[in-house]
Every structure is written in C-alpha cells, then in structure tokens.
Amino acid sequence: MAVIKPFKGLRPPQEIAEDLACLPYDVMNSEEAARMADGKENSLLHITRAEIDCPDGTDIHSDEVYEKSVENFVKFQQNGWLQQDDEPKYYIYAQTMNGRTQYGIVGAASCDDYHNGIIKKHELTRPDKEEDRMILTRYLNANIEPVFFSYKAVPELDALVESVVKNQPADYDFVAEDGFGHHFWTIHKKGVNQQIEKLFATQVPATYVADGHHRTAAAARIGLEKKAQNPNHTGHEAYNYFMAVHFPDNQLQIIDYNRVVKDLNGLSVSDLLGRLALGFRLEKMGTEVFKPSRLHEFSMYLEGEWYKLTAKEGTYDDSDPIGVLDVTILSSQVLEPILDIQDLRTSKRIDFVGGIRGLGELKKRVDNGEMKVAFALYPVSMEQLIAIADSGNIMPPKTTWFEPKLRSGLVIHKLD
C-alpha cells in the first residue's frame, strides 16, 4: 500500500500567494521566465529559474545559477514570504479549468515506494532534465515544486476532501493570468489528517506519476543519496519523502502532446510523403488547422499544408498496451525509420509541444523556419495510462500532458 505522510509545509502568506506562485520550471524558457517574474520580486521563479537573476548568457546549469537559487530561497524565508507550519499536515489543492474543478491531496510520498514500484511510472525521463532537478534539490535541500500523482479513486477520501472544502475557507483562492483557478486549503484537524493517512495506507495500493517524472526520479535519487550519507539513518527523516499532489483518477483528463522536427533527414517533401504512404493513408486537408479526432489518426503540418495520416492495420497492436499507442506508431513508423530520430530523450532534432498551446503553435514553429514538420497526436486516456503503469511497461517520453499545470510555491517540502 502507498505511504503518504503529512508534512510541515513551507507556505506564503495569503496576501502574496498569487504573486509568489508560478508555473513549473519546465513549461517555459529563460526569457519567458524573466517576463513572468518581471515586477514580482517574490515570484518563486527567482528560485526555480534563478538564471533570470544572473548575467545574460549564464549557463542555466552552472553553479552560479544554483547558488543564486539558494540565496533567493534564504531571502524568501528571511523576508517572511515563505513560512513553515508548526505541525505536519495534509493540504488540498484544487484547480479549475473551463468550469471543471479537480481536487488533490498534497502529501509527502515515499522514496521507498518509488524504488519498490508502488509509485508507478509510465514514461521514460530525459537524463539532462532529471540531473538538473536533482542538483537543484540537493542545493536547496527542499522539494520546491510538487509532482502530479493520481490514484484510483477512494470514496472515503473524496468525502473527507469535500467536507474540508465545504466547511473551511480556502487559504488561497485566485485565478492566474492564464485563466485557470487555483484553490488551496490547509487541513488543520488532527483527526482528519489521521484518517487520510490511514485511508492511503489501507485503500490505495499504488499511485501513478501523471506529470513530473523528472522531479519524481530526482527526488527519489536524492533520498538514496542522503540515506547513504547518514550513518544514523532511521527511515523517518524528511528526506525519505517528497511532495506530491494526489488526484483521484476519475477527475483527470489527459490532453495531446505533439512533436515538431527540425529537418526531413535529407528527404524531399515528395520522398517523405511516399515513405509515409507505406504505413498511413494520407489525405491533404488544406491550410486550416486539422486536429486528430480518434486513436490512430494523426495530423501533419508541412510546407503550409495540413495532412490527415491514418495508420494502416499492421502498424499497431491493439492487444499490447504500448503497441496500441499513437506515440509508439509515430516512433516506429516515422521518427525512427524515416527521420532517423532514434532516442527521443537525447535527440536535438525533435521538440515537444503540449496541446494546451494549440496546434497553431505547431504551425507557427514550422512557418517561421525553426522546424520543418509537425505531428499532432490524439491523447491517451487515464485508463490507458494506468493499464500501462500496472503492466510494468514504459511509454516513450513526452506521451502525456495534463492541464492545468500545478502552480509551484503554494507549499514546499523541506528535507530537514
């Protein structure tokens, strides 16, 4: 069963929570982070993307950037912008998008559960991103950003969350600049915290990494590292745990995660279309954005035109939880054999675009010459994600995209 503990959260005062909270580090580049933090001296981006406070051109993976993160983290606590709760507690974090709200329980997940497979992952990680978050966690001695987990819904947990939400004012409640609502409650009643811990320990056999595979892997590695460094290790230290928001599976929806490629691997457009026709039925859809509407249907944008690509039978295996996925079809039929992109985790010729940006973002990046071709995919379902994780299989990287993204800074988990 899953071990999920309450913890002494480090949180902002109510009056600055909206300014301090920020999007996760990996959905923006340095220039975007600087714009988002402009005029907000207490934005958490000064910690999660501290290169914005370093001279232009500073390597974002340099010691200088990590040291600036530490300096800013200390300043935030000294200024009272982050204050630690006196007792271990759970928290509720809810998000509203397009009139629909999902409620998650914030708790400290067990590093041992990750290593033992109770926390189940479904995607490969990119080594560079995993290493970066591990180094930052080591420098700060804290989980600055939460990871996004799911679990098979438990009615008793739903009822506890509903009771808190209905009977207690939210600590934080705001609509961010992207139009998404964020709502946060601290669970003060000791009995409710005890019930939550017991329900996770008795009715939740596994949790699933929904978003944040790199942060999860980095946190688990830091736990092992600190364990090895501590001759008096007991297993109860804070570093044995990391912060996660746990959402019931029936409240979540996955959106598409798309691909853009820099070149055609030396092929002409006609050569590419000819190769694609071996595994797909191709239809030219014109200049208006075309979005896939079902499994095994793709859209491609190339030289100002949208195409519908429908995978032919034999290019996928509906009886295999991995073989049925459109990300698998695209890799096995297009990216690897035609475009010679063999490793999505390390190739510099491919990039990934979350569906929240819309397919217009794919068109933009091709039209401006940055990329040569774009592929849009139909999203996987929560049922597929759980089935894959339960089977022990691993998806290719960048298969799933969840919205809204969790805001960082509403609560932080210190490792000491």
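Quantities reported herein were computed from a predicted structural model and do not represent experimental measurements. FYI, the numbering just counts along the sequence from 1.
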Heavy-atom distance under 4.5 Å between the side chains of Arg11 and Thr186, does that happen here? yes
Donor-acceptor contact present, side-chain Glu305 to main-chain Leu302, <3.5 Å: no
Look at Arg281 together with Glu283 and state whether they make a salt bridge at an N to O cut-off of under 4.0 Å. no
Less than 6.0 angstrom separating the ring centers of Phe200 and Tyr151, yes or no? yes
If you take all heavy atoms of Leu325 and Gln384, which pair is closest and at what distance? CD2-NE2, 3.9 Å
Using a 4.5 Å cut-off on heavy atoms from C-beta on, say whether the side chain of Leu23 contacts that of Asp178. yes
Heavy-atom pair of closest approach, residues Leu140 and Ile144: CD1-CG1, 3.2 Å
Is it true that Asp340 and Arg349 make a salt bridge, defined as a side-chain N closer than 4.0 Å to a carboxylate O? no
Ignoring hydrogens and angles, tell me if any N or O in the side chain of Asp113 forms a donor-acceptor pair with the backbone of Val3 under 3.5 Å. yes
Looking only at atom types and distance, does a side-chain atom of Arg49 sit under 3.5 Å from a main-chain N or O of Tyr25, one as donor and one as acceptor? yes
Counting heavy atoms not belonging to Asp63, are there more than 12 under 6.0 Å from its CG? yes
Could you state the interatomic distance from CG (Leu157) to NZ (Lys152), rounded to the nearest 0.5 Å? 15.0 Å
So, the side chain of Asn240 versus the backbone of Asp112: is there a donor-acceptor pair under 3.5 Å, distance only? no
For atom NZ of Lys312, decide whether the heavy atoms of other residues, nucleotides or ligands shown that lie under 6.0 angstrom number more than 12. yes
Scan side-chain atoms only and decide if Ser30 and Glu51 contain a donor-acceptor pair under the 3.5 Å cut-off. yes
Between CE on residue Met243 and NZ on residue Lys414, distance to nearest 0.5 Å: 13.0 Å
Residue pair Cys111 / Ala219: nearest heavy atoms and the distance that separates them: SG-O, 3.8 Å
Would you kindly say whether Tyr378 and His296 are connected by a side-chain donor-acceptor distance under 3.5 Å? no
Hey, could you give me the CG/CZ distance between Asn258 and Arg365, rounded to the nearest 0.5 Å? 11.5 Å
Parallel, tilted or perpendicular: which fits the ring planes of Trp81 and Phe76, with parallel below 30° and perpendicular above 60°? perpendicular
Minimum side-chain heavy-atom gap Tyr90-Val164 below 4.5 Å: no
Min side-chain heavy-atom separation Leu44-Ile47 under 4.5 Å: yes
Taking the side chain from Tyr172 and the backbone from Pro12, do they hold a donor-acceptor pair closer than 3.5 Å? yes
Does the plane of the ring in His413 sit parallel, tilted or perpendicular to the ring in Phe7? Use 30° and 60° as the thresholds. perpendicular
Under a 4.0 Å threshold between the charged nitrogen and the carboxylate oxygen, would Lys40 count as salt-bridged to Glu18? no
Say whether, by atom type as modelled, one donor and one acceptor occur between the side chain of Thr137 and the main chain of Arg133 under 3.5 angstrom. yes
Gap separating the CG atom of Asp343 from the CG atom of Leu335, nearest 0.5 angstrom: 11.5 Å
Here the gap from Ser347 atom OG to Ile341 atom CD1, rounded to the nearest 0.5 Å, amounts to 4.5 Å
For Met285 and Ser299, run side chain to side chain contact (heavy atoms under 4.5 Å, CB included): C-alpha distance rounded to whole Å, both residues' side-chain angles, the deciding distance at 0.1 Å, then the answer. CA-CA 9 Å; Met285 305 303 291; Ser299 66; over 6 Å; no
Are Phe298 and Phe280 close enough that their ring centers fall under 6.0 Å? yes
Working for side chain to side chain contact (heavy atoms under 4.5 Å, CB included), residues Val366 and Met300: CA-CA 11 Å; Val366 172; Met300 178 178 73; over 6 Å; no
Asp249 side chain reached by Tyr208 side chain, heavy atoms, under 4.5 Å: no
Ile322 side chain near Ile388 side chain, heavy-atom distance below 4.5 Å: yes
Nearest non-hydrogen partners of Asp171 and Gln168, listed with the distance: OD2-NE2, 4.3 Å
Side chain proximity check, Met36 to Cys22, heavy atoms < 4.5 angstrom: no
Which pair of non-hydrogen atoms, one from Ser331 and one from Pro337, has the smallest distance, and what is that distance? O-CD, 3.6 Å
Does Glu225 form a side chain to side chain contact (heavy atoms under 4.5 Å, CB included) with Arg221? I'd like the steps, not just the answer. CA-CA 6 Å; Glu225 185 179 278; Arg221 286 174 62 188; over 6 Å; no
May I ask you to decide whether Asp26 forms a salt bridge with Lys405, counting only side-chain N to carboxylate O separations under 4.0 Å? no
Could you check Phe290 against Leu359 for side chain to side chain contact (heavy atoms under 4.5 Å, CB included), going step by step and ending with a plain yes or no? CA-CA 8 Å; Phe290 170 72; Leu359 300 196; over 6 Å; no
Determine whether Lys5 and Glu237 satisfy the following criterion, salt bridge (charged side-chain N to carboxylate O under 4.0 Å, His left out), listing intermediate values before the conclusion. CA-CA 12 Å; Lys5 297 285 189 180; Glu237 297 86 355; over 6 Å; no
Cationic tip of Arg215 within the cone over Phe242's six-membered ring, i.e. under 6.0 Å and within 45° of the normal? no
Run the side chain to side chain donor-acceptor pair (under 3.5 Å) test on Asn143 and Tyr241 for me, step by step, so that the C-alpha distance in whole Å, both residues' side-chain angles and the decisive distance to 0.1 Å come before the verdict. CA-CA 9 Å; Asn143 305 132; Tyr241 302 90; over 6 Å; no
Got a donor-acceptor contact below 3.5 angstrom from the His246 side chain to the Phe149 backbone? no
So CG of Leu330 and CG of Leu344: to nearest 0.5 Å the spacing works out to 8.5 Å
Do you see a donor-acceptor pair shorter than 3.5 Å between the side chains of Tyr66 and Asp132? yes
Taking every heavy atom of Ala142 against every heavy atom of Ile412, the minimum-distance pair comes out as CB-CG2, 4.1 Å
Could Lys68 and Tyr139 be counted as a cation-pi pair, given that NZ or CZ must be under 6.0 Å from the ring centre and within 45° of the axis? no
Would the distance check show the side chain of Asn116 and the main-chain N or O of Ile118 forming a donor-acceptor pair, the cut-off being under 3.5 Å? no
Could you check whether the rings of Phe352 and Tyr257 sit parallel, tilted or perpendicular, using 30° and 60° as the cut-offs? perpendicular
For the side chain of Gln95 and the backbone of Phe180, is there at least one donor-acceptor N/O pair under 3.5 Å apart? no
With a cut-off of 6.0 Å (strictly less than), are more than 12 heavy atoms of other residues, nucleotides or ligands near CD of Glu313? no
Indicate yes or no for a side-chain donor-acceptor contact from Ser163 to the backbone of Leu160 under 3.5 Å, with no hydrogens or angles considered. no
With side chains defined as the heavy atoms from C-beta onward, is the minimum distance between Val209 and Val147 less than 4.5 Å? no
With a 3.5 Å cut-off and no angle check, do the side chains of Tyr316 and Asp326 form a donor-acceptor pair? no
